[in-house]
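The structure presented is a predicted model; accordingly, all values stated were derived computationally and were not measured. Heads up: numbering here begins at 1 and tracks the sequence. Read the numbers this way: they start at 1 and go in the same order the structure lists the ligands and their atoms.
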Amino acid sequence: MTDSMLDRLIPLTTPGIAALRPYTPGKPIEELERELGISDSIKLASNENPLGPSDKVSAAVAAAIPDLSRYPDGGGFRLREAIAGLHGVSPEQVTLGNGSNDVLDLVARVFLQPGTESLFSEHAFAVYPISSQAAGATLRVVPAKDYGHDLDAMASQVNDRTRVVWIANPNNPTGTWLTGRELRRFVEQLPSRVICVIDEAYFDYVDEADYPDTSTWLGQFPNLIVTRTFSKAYGLAALRVGYGLSHPDLADLLNRVRQPFNVNSLAQVAATAALSDHVHLAAAISVNREGMEQLVAGVRELGLGYIPSVGNFLTIDLGRDAAAVDQALLREGVITRQVANYGLPNHLRVSVGLAHENDRFLTALQKVLT
Ligand SMILES: *Cc1c(COP(=O)(O)O)cnc(C)c1O
């Protein structure tokens, strides 16, 4: 499309679209290898599970292939039952999404429009501004405190136009987290007409005593939506499946705008199978814990700073512009993630991989920094 065509189309779009830039995903391995003519690169750029999916998932997906000519169950009956069982809620409280990003987008589409405000922190997950802006809402971005959420400052920015507040706990790309006490105090003082999204994409990795499972708060806060995903600890990023937990009436509204078949049938059987494999989940958590220790130790040895993280990634302070380092790492066959678009131009985010991958990253980092 030529610029002049774009110029003519922009005035026809929803307010906010003109200023949007597409989400930049991590570079696929195949693309990098083609560009560099190499074959053994590693991708530590998208916080994916280095163990891959559970064998139970592979079997369930294979068994579902003969039914690919059928539409999926639009209501996601079995998966919603399984999720409801996991959280001790009713299936009416579960909204399935094509990834949890889809659920986040449903929230924006239902509650945001021009004239309303969407509130989140500096360094917040990119989908919050994208979905909010696409809905035409005004973005209210609150400066971070020690790279994390400044909840008091966020509370002070709530006004009559505020419709949705977004909080990732832990946050991506910083790995920072909020205790149950501080988060609960924030939710308690939030007016009940403001929807509070708590994004728990990295929930399973967190091993801190006062880290909250906010799905247990749903009974007290009808304005709360807790989102979870199968993309990280469950290792199903490619299949795109996540969910929201909320009051049934809130779920009812989200379901009104949800695409009828937004979660495909392979994703549904895979997610259901993944929930049943506690051994694989435990292995993913344990590999992550060990890998995080390895990365932190290695980064310290290199004399670099980092943001302490409870997720499956570490955001490293290079003390200099990260773009050149990222490019140099790519030439070593190591894909990491620049986070300049999150307001962190001197940081690089690396996902926790298998021991040999972490080792390869640290060796490459040392090489490109010297
Ligand atoms: C990875 C991630 C998600 C998950 O997105 P999916 O659409 O479920 O793959 C959600 N929120 C945050 C903060 C994330 O980092």
Side-chain angles (χ1 to χ4, degrees), residues 22-26 28 43-50 53 76 79 83 94-109 118 120-132 134 144 147-149 164-178 183 196-206 211 214-215 225-245 254 258-259 262-264 266-268 270-271 274-275 284 288 307 309-315 336-339 341-344 347 349-352:
Y23 178 82
T24 0
K43 185 183 177 201
L44 300 174
S46 301
N47 302 344
E48 295 148 342
N49 187 330
L79 177 55
I83 291 167
V94 181
T95 306
L96 295 182
N98 183 35
S100 56
N101 286 351
D102 188 24
V103 179
L104 302 173
D105 199 58
L106 296 179
V107 173
R109 280 163 61 202
S118 170
F120 50 88
S121 174
E122 181 188 14
H123 316 311
F125 186 45
V127 170
Y128 314 154
I130 292 173
S131 289
S132 300
Y147 296 109
H149 292 82
V164 183
V165 178
W166 316 80
I167 294 174
N169 193 33
N171 187 54
N172 172 22
T174 57
T176 52
W177 63 287
L178 296 159
L183 187 51
C196 184
V197 178
I198 301 185
D199 178 345
E200 296 182 341
Y202 300 96
F203 178 88
D204 299 283
Y205 294 112
V206 187
Y211 172 71
T214 59
S215 72
I225 301 178
V226 179
T227 60
R228 298 278 184 99
T229 182
F230 288 94
S231 299
K232 309 285 158 63
Y234 289 102
L236 301 183
L239 283 174
R240 314 303 304 126
V241 52
Y243 57 95
L245 301 168
L254 300 180
R258 187 176 64 82
Q259 299 263 333
N262 64 333
V263 180
N264 72 71
L266 299 186
Q268 290 189 34
L275 285 177
N288 188 66
I307 308 172
S309 167
V310 295
N312 68 345
F313 55 89
L314 187 67
T315 297
T336 58
R337 185 64 155 270
Q338 290 183 47
V339 283
N341 56 327
Y342 287 96
L344 298 166
H347 287 75
R349 191 191 70 192
V350 59
S351 306
V352 176

Aromatic plane relationship, His123 with Tyr147 - under 30° parallel, 30 to 60° tilted, over 60° perpendicular: tilted

Residue pair Tyr205 / Val352, side-chain heavy-atom distance below 4.5 Å: no

Any Val206 side-chain heavy atom under 4.5 Å of Pro170 side chain: yes

Enumerate, atom names and distances included, each donor-acceptor pair closer than 3.5 Å involving a side-chain atom of residues 94-103, sequence neighbours excluded.
| residue | atom | partner | partner atom | Å |
| --- | --- | --- | --- | --- |
| Asp102 | OD2 | Asn98 | N | 2.8 |
| Asp102 | OD2 | Asn262 | ND2 | 2.9 |

Ser351 and Glu48 side chains, donor-acceptor separation under 3.5 Å: no

Every residue of the protein that comes under 4.0 Å of ligand 1, judged on heavy atoms: Gly99, Ser100, Asn101, Phe125, Asn172, Asp199, Ala201, Tyr202, Thr229, Ser231, Lys232, Arg240

Distance-only side-chain donor-acceptor flag, Asn172 / Arg349, under 3.5 Å: yes

